[in-house]
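Contents: one structure, followed by commentary.
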Protein chains: 2
Amino acid sequence: MDRGYAATRLGDIADYADLQAGSLYYYFDSKEELVEEVLRYGVQFTHAHVRTAVEQLPEDATAGDRLRAAVDAHLESMLELGDLAPAHVRTFNQIPPEMQDRLRTARRAFGKFWAELVEGAIDAGEVRSDLDPYIIRLFIVNSIERVAEWHLRQKRSAEELAQIMRTMIFEGAGIGAGWSR
Amino acid sequence: MDRGYAATRLGDIADYADLQAGSLYYYFDSKEELVEEVLRYGVQFTHAHVRTAVEQLPEDATAGDRLRAAVDAHLESMLELGDLAPAHVRTFNQIPPEMQDRLRTARRAFGKFWAELVEGAIDAGEVRSDLDPYIIRLFIVNSIERVAEWHLRQKRSAEELAQIMRTMIFEGAGIGAGWSR
DNA sequence: GTCTATACAAGGATAGAC
DNA sequence: GTCTATCCTTGTATAGAC
């Protein structure tokens, strides 16, 4: 679905599955249903992966540890999902509005989880409190989601990318103070 | 073009321009040509805006000042372009490959300008030198480009958004050291 | 310049054979 | 379950009137 929702023909999908276009209707009632299933899988997979990673931390993990773990796990999901990750990120605003509504519940649940992580880290004094938590969350999640889109010239390992993202997200690009002036 | 390249019908565009679909062919030879023109305008407008902002800085501006100015100007462009900004960002990977090739020259020129700003700031010791400059650039530009997509609940002024973006990009979300460990 | 009417192509969906 | 053939809708593009 790299090329967008409407541009992706059932024939393409069928090719990918080594089937003929018509055969897809044995499994799905419509193209919409098929796409919805794929997108829903993407959110739920990622949500589950991130949540598990956070919950598996030891009892004494700080709010910062939890947030860091979430960044790593979310990034891992993006990389593991392969083509599916960018598909989901890119495609959501292209699908029919009713479908967006149906998927929104799943997306909101994941967003809420993220929001709690960010707010927890702010309350613990580990994330800056001078910006809107909502914006901080958007910024972080957006950064992670787009990584899957970077067709990097040098292939980098998941660990390497995680390290880079953590640095940029939490420490920023600048050196020393006064950058935001 | 919120809904993607293929999903955007000539009829929609015609409606927007208070015309009938057929009338568009007086101005353009094809849908492709029309879209290409719109996208090209977007890159060039932004490139020009950012370049001008940077070049208008006083002689004694540091590499950091230049980079900061670029962030502000790029963000301003995104906001000024209105619907056109997300259209460009979202649509590029959906358009036919030959069209991507034709637009790539304009995009590369802008990318090169950005790369020089980032590298200048690294050389001047104002941006961290422990990460790949290419990645730093992707991260920064991506962050700016997506802001136009945030349908923020509270409307924020351009200055306010610029302040937020500068803080997140250069200082990061974290407090204190040790975040990237 | 902009309209209406229409030709033409493409793709989603259905039917029925195997 | 998967195929092939076909229907039907939609959307790009063209023609020609005004």
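Chain letters run A, B, ... following the sequence lines, proteins first and then strands; every chain starts at 1. What's counted below: heavy atoms across the whole structure, side chains too, no hydrogens, waters or symmetry copies.
Annotation: ring pair (Phe, Tyr, Trp, His ring centres under 6.0 Å) contacts of H74(A) (sequence neighbours excluded): F110(A), W114(A). Partners of K112(B) according to the salt bridge (Lys or Arg N to Asp or Glu O under 4.0 Å) rule, which considers only residues two or more places apart in sequence or in another chain, are E116(B). Applying the ring pair (Phe, Tyr, Trp, His ring centres under 6.0 Å) rule to F45(A) yields the partners Y41(A); only residues at least two apart in sequence or on another chain are considered.
What separates CZ of F28(B) from P of dT2(C) is a distance of 12 Å, to the nearest Å. Rounded to whole angstrom, the span from the OH atom of Y26(B) across to the P atom of dA13(D) amounts to 19 Å. We find that CG of D12(B) is positioned 14 Å from P of dT10(D), with the value rounded to whole Å. Spacing between atom CG of D15(B) and atom P of dG11(D) amounts to 12 Å, rounded to whole angstrom units.
Evaluated for a side chain to side chain contact (heavy atoms under 4.5 Å, CB included) with I144(B), the options D72(B), V71(B), V50(B), T46(B) yield exactly one hit, V71(B).
Looking at S129(B), its side chain never comes within 3.5 Å of a backbone N or O of G125(B) through a donor-acceptor pair.
Taking five base pairs at each end of the helix from dG1(C)-dC18(D) to dC18(C)-dG1(D) and finding the rotation axis that steps the C1' atoms of four pairs onto the next four gives two axes whose angle is 0°, to the nearest 10°.
No more than 12 heavy atoms of other residues, nucleotides or ligands lie within 6.0 Å of CZ in R108(B), so this atom counts as exposed by the packing criterion.
Looking at R128(B) and E171(A), a side-chain N of the basic residue comes within less than 4.0 Å of a carboxylate O on the acidic one, giving a salt bridge. Salt bridge E36(A)/R40(A): present, at least one basic N to carboxylate O contact under 4.0 Å.
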Quiz prompt | Y5(B) and F92(B): CA distance, side-chain angles, deciding distance, side-chain contact (heavy atoms from CB on, under 4.5 Å) verdict | solution = CA-CA 9 Å; Y5(B) 173 69; F92(B) 187 76; over 6 Å; no
Practice problem: Run the numbers on E145(A) and R146(B) for salt bridge (charged side-chain N to carboxylate O under 4.0 Å, His left out), then give the verdict. | Solution: CA-CA 11 Å; E145(A) 284 181 343; R146(B) 306 313 290 194; over 6 Å; no
Each nucleotide N or O in nucleotides 3-5 of chain C that has a protein N or O under 3.5 Å away: list the pair and distance.
| residue | atom | partner | partner atom | Å |
| --- | --- | --- | --- | --- |
| dC3(C) | OP2 | Q20(B) | N | 2.7 |
| dC3(C) | OP2 | S23(B) | OG | 2.6 |

Self-check item: Nucleic acid footprint by protein, nucleotides 7-12 of chain C - heavy-atom cut-off 4.0 Å, B for base, S for sugar-phosphate alone
Solution: ----SS
